[in-house]
Amino acid sequence: MLQISYIRENRDDVIRRLKVRNFDQLALVDEVIRLDEELRSTKIQSESIAAEGNAAAKRIGELMRQGQREEAEAIKARSGEYKDQLKVLNEQLGRLEDEFFEKIVQLPNLPYKDVPAGKTADDNEIVLEHGEKPTLPDNALPHWELAAKYDIIDFELGVKVSGAGFPVYKGKGARLQRALINFFLDQAAENGYREVQVPILINGDSGFGTGQLPDKEGQMYYVGADDLYLIPTAEVPVTNMYRGEILKQEDFPIKNTAYTPCFRREAGSYGAHVRGLNRLHQFDKVELVQIVHPDKSYEVLEEMSTYVQSLLQKLKLPYRVLRLCGGDIGFAAAMTYDMEVWSGAQQRWLEVSSVSNFETFQSNRLKTRFKGEDGKMQLAHTLNGSALALPRIVACILEENQTDKGIRVPEVLVPYTGFDWIS
RNA sequence: GGAAAGUUGGCAGAGUGGUCGAAUGCGGCGGUCUUGAAAACCGUUGUCUGUAACAGGACCGGGGGUUCGAAUCCCUCACUUUCCGCCA
């Protein structure tokens, strides 16, 4: 959520930057500003009446104590008016607040200055490409066929148990998953992240705090009986640990990492590109979350990007880094890097990580603050990134490392898998 | 699932209708003392909103009600804890 004080004082900048993300809704911004003004003037009215009412009540108390009942009764008789007036005003105020809130949550975050303009994923800026795309033999198989060939991932079995998009990993497939999770967690720990295990069902307040609610409600699985949501990413529970917290500057940077399964309904995203592991309803991911001083957040974003790349390098996967354009960037993010890994058999790039700086967009909802140098409360900056999402990594590992003899396990994983070939 | 008790400031914990934004303790910050530190002592210490600055307003789990006036009374919801049952 954007800060109203900023919108109020920087209307033109807000409009200009929203345009960078193709959010060309001048009317909405002006509506927010108008509602804010109306809200505040109504509030002033309401408060001045409340002040009179409070003073009268106080006076009655004093008179009663002095035993001057008659005078007290006289004031009491008049006090009823305040109540009636206040009731009317406060009802109006409540409506205005609802309306204001409903509008302001529709505004996405303002893109950072480095975010390129653009409409679609095609306009994303390629920051760098790393590694050679291997030339696979003509008979190279896509990962879903390799999965079947070596009997390590069973999509049909998952359909029986749950439905499409819930694969069953078997034998070395399951072991490979576990190896990757442990590898990612160990790497994160080495880089100063504290490992946490968090709930994978979250309440509505948490969903709101990180920006999934109210707008992306349909993306999450909802457990109605208990009014909880299955997490679409560990970002939600991990970041929400700091909801309402007042932090100390010395605490920064706060670095947490968590492995969790992630659940996404992916309603309406069926098509040619969702085969195999490309898009699932349930998948595993190791997530990084940092809460930092506002002055440091872009430095930290670069650091996180570099760290994620180091994982891909260790796995020897060819990848590229994109700086998402305004049109492709997420609702809550100010700037995002996507890391994509080359799928040799599918001849396409697969997104395996997304690293974002949310600046104060989340912390304003979360009320995650700290006392600054000047002693004033400030909103912290939040960042997060996948490090990494497993399925597409598995897909690329299988595809890139296929040989006649089987699939060679990347060297760094061998200590974790306990085997170096899947055959 | 059944029963009971709770939810107050960073924490602990008083407060049952008016002077309570809230005692007290701990913690934090500043100071005295000290070569330095600890202890002791003194002072200070919530958030949001609002103003040029004062003033003013809101907040004692959420929402609603009673009242001139609510942390305090009533209703309702949520959550927490304990006991019983069940159970990885």
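In this text the structure is predicted, and so the values were computed from the model without any measurement. Letters A, B, ... mirror the listed sequences (proteins, then strands); counts begin at 1.
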For nucleotides 48-50 of chain B, which of its nitrogen or oxygen atoms have a protein nitrogen or oxygen under 3.5 Å away, and what is each distance?
| unit_1 | atom_1 | unit_2 | atom_2 | d |
| --- | --- | --- | --- | --- |
| B/rC48 | OP1 | A/R369 | NH1 | 3.2 |

Enumerate all atom pairs, one protein N or O and one N or O from nucleotides 18-21 of chain B, separated by less than 3.5 Å.
| unit_1 | atom_1 | unit_2 | atom_2 | d |
| --- | --- | --- | --- | --- |
| B/rG18 | O2' | A/R65 | NH2 | 3.2 |
| B/rG18 | N2 | A/A57 | O | 2.8 |
| B/rU19 | O4 | A/R65 | NE | 3.0 |

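Under the ring pair (Phe, Tyr, Trp, His ring centres under 6.0 Å) criterion, A/F23 pairs with no residue at all, not counting sequence neighbours. For the ring pair (Phe, Tyr, Trp, His ring centres under 6.0 Å) test, no residue two or more places apart in sequence or in another chain qualifies with A/Y242. Contacts of A/Y337 classified as side chain to side chain donor-acceptor pair (under 3.5 Å), with partners at least two apart in sequence or in another chain: A/E302, A/R323. Evaluation of the ring pair (Phe, Tyr, Trp, His ring centres under 6.0 Å) rule for A/Y169 yields no partner, not counting sequence neighbours. Residues passing the ring pair (Phe, Tyr, Trp, His ring centres under 6.0 Å) test with A/F419, sequence neighbours excluded: none. By the salt bridge (Lys or Arg N to Asp or Glu O under 4.0 Å) test, A/K255 is found to be paired with A/E303, residues two or more places apart in sequence or in another chain being considered.
When each of A/A77 and A/K87 is assigned the nucleotide of RNA chain B bearing its nearest heavy atom, the one mapping closer to the 5' terminus is A/K87.
Applying the ring pair (Phe, Tyr, Trp, His ring centres under 6.0 Å) rule to pairs touching residues 354-377 of chain A yields A/F252-A/F370, A/H293-A/F370, A/F331-A/F361, sequence neighbours excluded. A ring pair (Phe, Tyr, Trp, His ring centres under 6.0 Å) check over residues 32-85 of chain A, counting only residues at least two apart or in different chains, returns nothing. Counting only residues at least two apart or in different chains, ring pair (Phe, Tyr, Trp, His ring centres under 6.0 Å) contacts with residues 86-108 of chain A comprise A/F101-A/F208.
A 4.5 Å side-chain heavy-atom check between A/F283 and A/L277 finds every atom pair outside the cut-off.
A/K371 comes within 4.0 angstrom of the backbone, heavy atoms only, and of no base. Looking at heavy-atom distances under 4.0 Å, A/N54 makes contact with sugar-phosphate atoms alone, never a base.
Distance check on atom P: B/rA88 versus B/rA5 gives 31 Å, rounded to whole Å. As rounded to the nearest Å, B/rA12 and B/rC84 have C1' atoms that lie 30 Å from one another.
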Completion exercise
Intra- and inter-strand pairing of RNA chain B, written as dot-bracket with Watson-Crick and G-U pairs under 3.5 Å and | for the latter, reads ((((((((.[[[..)..(.....]]]((((((.......))))))((((......)))).[[[[[..)....]]]]])))))))....
